[in-house]
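In this text the structure is predicted, and so the values were computed from the model without any measurement. Below, all heavy atoms of this structure are taken into account, side chains as well, without hydrogens, waters or symmetry copies.
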Amino acid sequence: MRNDKDNLIVNLTFEFALKIIAYSEEIRQTNRFEMASQVFKSGTSIGANIREAQNAESKADFIHKFKISAKEADELSYWLDLCKQSDFYPTPNPELIKELQSIHLIISKIIASSKKS
């Protein structure tokens with residue numbers, strides 16, 4: 001069994017996914033199930049793909065899984081922007097958006113450094 005205890009991005013995205021679950025439940029409380037599902041799926045997929053990358057079969061596979069995580073982060077950013085701008089959804093905590101931006105930056109750096117090595 002692998003040890004992810006000291007893996008910064010694995011830990012960050014896991015903790016972030018827990019916050020996304022809480023926010024999607026907040027959206028569900030307003031009976032906006034479609035948006036709640038979109039936020040839930042894209043927000044939890046970021047960490048799921050990064051966790052999966054830890055068992056990549058090759059460097060190309062590792063980079064590919066991180067690229068999927070980057071795409072999911074972009075998608076989540078879109079959904080959160082819609083929630084922020086719409087009167088029909090609870091506004092996401094600015095810290096959640098800031099954390100997503102940080103995670104996205106780390107993912108981008110990992111992809112770039114993995115391509116170089």
Hydrophobic cluster membership, with links at side-chain heavy-atom distances under 4.5 Å among I/L/V/M/F/W/Y: are [X] and [Y] in one?
X: Leu82; Y: Leu80; answer: yes
X: Ile68; Y: Leu12; answer: no
X: Met35; Y: Tyr78; answer: yes

Can you measure from [atom1] ([X]) to [atom2] ([Y]) and round to the nearest 0.5 angstrom?
X: Ile103; Y: Glu15; atom1: CD1; atom2: CD; value: 10.0 Å
X: Phe16; Y: Leu76; atom1: CZ; atom2: CG; value: 5.0 Å
X: Asn7; Y: Thr13; atom1: CG; atom2: OG1; value: 8.0 Å

So, for [X] and [Y], which heavy atoms are closest and what is the spacing to 0.1 Å?
X: Ile27; Y: Arg32; result: CG2-O, 3.4 Å
X: Ile50; Y: Ser69; result: CG1-OG, 3.3 Å
X: Ile20; Y: Thr44; result: CG2-N, 4.4 Å
X: Phe62; Y: Ala53; result: CD1-O, 3.3 Å

Could I get the full list of side chain to side chain donor-acceptor pair (under 3.5 Å) partners for [X], not counting sequence neighbours?
X: Ser45; result: Asn49
X: Lys19; result: Glu99
X: Asp81; result: none
X: Glu75; result: Trp79

Between [Y] and [X], is there a side-chain heavy-atom distance shorter than 4.5 Å?
X: Phe66; Y: Ile9; result: yes
X: Ile63; Y: Ile110; result: no
X: Gln101; Y: Leu105; result: no

Chi angles and distances behind the side-chain contact (heavy atoms from CB on, under 4.5 Å) call for Ile46, Leu100: CA-CA 10 Å; Ile46 298 166; Leu100 175 60; 3.9 Å; yes

What pairs meet the salt bridge (Lys or Arg N to Asp or Glu O under 4.0 Å) rule with one or both residues in [range], with sequence neighbours excluded?
range: residues 33-50; value: none
range: residues 62-74; value: Glu52-Lys65, Asp61-Lys65
range: residues 20-31; value: Glu25-Arg28

With sequence neighbours excluded, tell me which residues meet side-chain contact (heavy atoms from CB on, under 4.5 Å) with [X].
X: Lys116; result: none
X: Ala70; result: His104, Ile107, Ile111
X: Ser102; result: none

Table please: side-chain donor-acceptor pairs of residues 83-95 below 3.5 Å, with sequence neighbours left out.
unit_1	atom_1	unit_2	atom_2	d
Ser86	OG	Phe88	N	3.0
Asn93	OD1	Glu95	N	2.7

Those residues that, when tested against Tyr23, pass ring-ring contact (aromatic ring centres under 6.0 Å, His included) (two or more places apart): none

